[in-house]
Amino acid sequence: MKKDIFFQLSQNAAERLAERFGTPLLVLSLEQIEKNYRFLKKHLPRVQLYYAIKANPHQRILELLRDLGSCFDVASDGEIRTLAAMGIDGERLIYANPIKTGGGLQACCDVGVHKMTFDSESEIVKMAQGCPGATVLLRIRIDNSSAHVDLNKKFGVGRERAVELLQAAQAAGLDAAGVCFHVGSQTMSADPYLNALDLAREIFEEAAAAGMQLRILDIGGGFPIPEPKVRFNLKEMLKQINARLDEDFPNVEIWAEPGRFMCGTAVNLITSVIGVTERGGQPWYFLDDGLYGTFSGVIFDQWDFKLISFKEGEEVEATFAGPSCDSLDIMFRGKLTVRQEVGDLLLVPSCGAYTSASATTFNGFSKANFIVWEDLKDEIEPQPQAAMVG
Ligand SMILES: *Cc1c(COP(=O)(O)O)cnc(C)c1O
């Protein structure tokens with residue numbers, strides 16, 4: 001069971017990979033990406049999946065999802081052109097940024113993207129000029145203060161203006177086809193989705209009363225990955241969402257935009273302790289990856305990563321810092337760990353989403369190298385040896 005929901009290297013594999021490739025090293029499991037994709041397909045059978053590529057735009061992830069038939073959620077000209085260059089038809093993309101740039105709209109024209117989202121009047125004018133006739137979804141604002149990262153403070157229009165904006169889009173010659181929302185990342189209960197679906201249903205009804213037949217509902221992303229200490233039942237969540245979709249939107253096309261769920265559990269970081277000191281009675285460990293690198297998710301994604309040590313012993317509270325010369329570059333304080341020494345390895349599972357995607361090369365430190373586990377696993381961990389006992 002556990003094996004199915006996230007990818008985690010063995011100590012042996014982590015040590016051999018570190019020796020061969022050096023650290024910091026990111027190890028991607030494409031098998032896990034495929035499992036995650038198939039899981040969502042299975043449990044949301046009516047839903048067309050648009051992978052939100054901002055979570056992790058690694059080329060091999062995009063290629064795999066392209067080959068599995070996924071669609072994609074993009075937010076910029078760069079993301080649009082990346083996918084177009086891989087031979088992905090513009091039909092499979094939604095430009096899901098409620099505020100679009102001139103370059104983004106131009107990219108849509110160039111590669112045939114004609115699905116997009118909006119939440120304001122000024123955007124209607126831009127879309128009607130840049131992509132006449134585009135199929136547009138109105139992003140509605142929902143209340144989800146329980147979201148891990150709540151984007152509803154930035155995007156979405158209130159219900160009271162929804163139908164008016166859809167009508168304005170239609171009047172401008174756009175194909176005003178439906179509504180979209182994003183409950184916010186790592187949402188661990190069905191309730192915010194169900195509340196959003198209630199709101200969407202009201203808007204669908206109000207639009208119908210005004211003579212507009214909406215036909216598409218995009219339920220966004222936010223599907224959670226397993227986190228230490230947090231319990232939730234994803235299958236049950238999806239079952240509730242599904243049941244509500246069948247009840248309230250039986251003849252509507254449903255889309256979703258999962259980001260974190262697709263890639264979060266598919267990557268491990270192997271990082272080394274490169275410095276040790278003690279301050280205020282607490283050990284400090286400096287790692288070769290930091291806040292400006294893979295751990296950028298600590299800041300941008302407010303994520304608390306799990307650090308796995310291969311050493312045994314009593315746990316102490318310690319501070320973990322990155323390799324740069326900036327004093328901001330401290331990832332964790334008071335984190336429980338066994339004592340570390342220079343050269344020790346730490347394994348960080350489930351760090352595939354909002355990590356490498358937002359890493360920088362600040363201070364001249366390269367981003368962590370990426371390797372694909374399935375390219376190497378037969379060599380690193382041959383099956384018969386893995387099954388050997390004692
Ligand atoms: C970032 C984003 C997503 C993906 O969110 P996850 O929490 O990673 O699933 C989906 N839709 C929109 C509009 C987004 O901005």
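All ligand and atom numbering here is 1-based and tracks the order in the structure. Hydrogens, waters and symmetry mates play no part in the numbers below; they use all other heavy atoms, side chains included.
Atom OG of S356 is separated from atom CG of N369 by 11.5 Å, given to the nearest 0.5 angstrom.
Under 4.0 Å is where a charged nitrogen must lie from a carboxylate oxygen, and between D375 and R60 at least one such pair does.
Of all the heavy atoms of D73, the ones lying under 4.0 Å from any atom of ligand 1 belong exclusively to the side chain. Contacts of R260 with ligand 1, taken as heavy-atom pairs under 4.0 Å, involve both backbone and side chain. At a heavy-atom cutoff of 4.0 Å, ligand 1 is contacted by the side chain of Y354 but not by its backbone.
For the pair N36 and T265, the minimum side-chain heavy-atom distance is below 4.5 Å.
Y95 carries K100 over the face of its six-membered ring, with the cationic atom under 6.0 Å from the centre and within 45° of the normal.
Every atom of ligand 1 with a heavy atom of R139 under 4.0 Å away is listed here by number and element: 13 (C). Within the listing of ligand 1, atoms 6 (P), 7 (O), 8 (O) sit less than 4.0 angstrom from a heavy atom of S185.
Every N/O-N/O distance between F261 and ligand 1 stays at or above 3.5 Å.
Atom 6 (P) of ligand 1 has its nearest heavy-atom neighbour, among C263, G264, G222, in G222. Residue nearest to atom 2 (C) of ligand 1, selected from E257, H182, K54: K54 (by heavy-atom distance).
Classified by interplanar angle (parallel below 30°, tilted 30° to 60°, perpendicular above 60°), the ring pair Y285/F320 is tilted.
Through side-chain heavy atoms spaced under 4.5 Å, either directly or across other Ile, Leu, Val, Met, Phe, Trp or Tyr residues, Y50 is tied to I94, L137, I216, W255.
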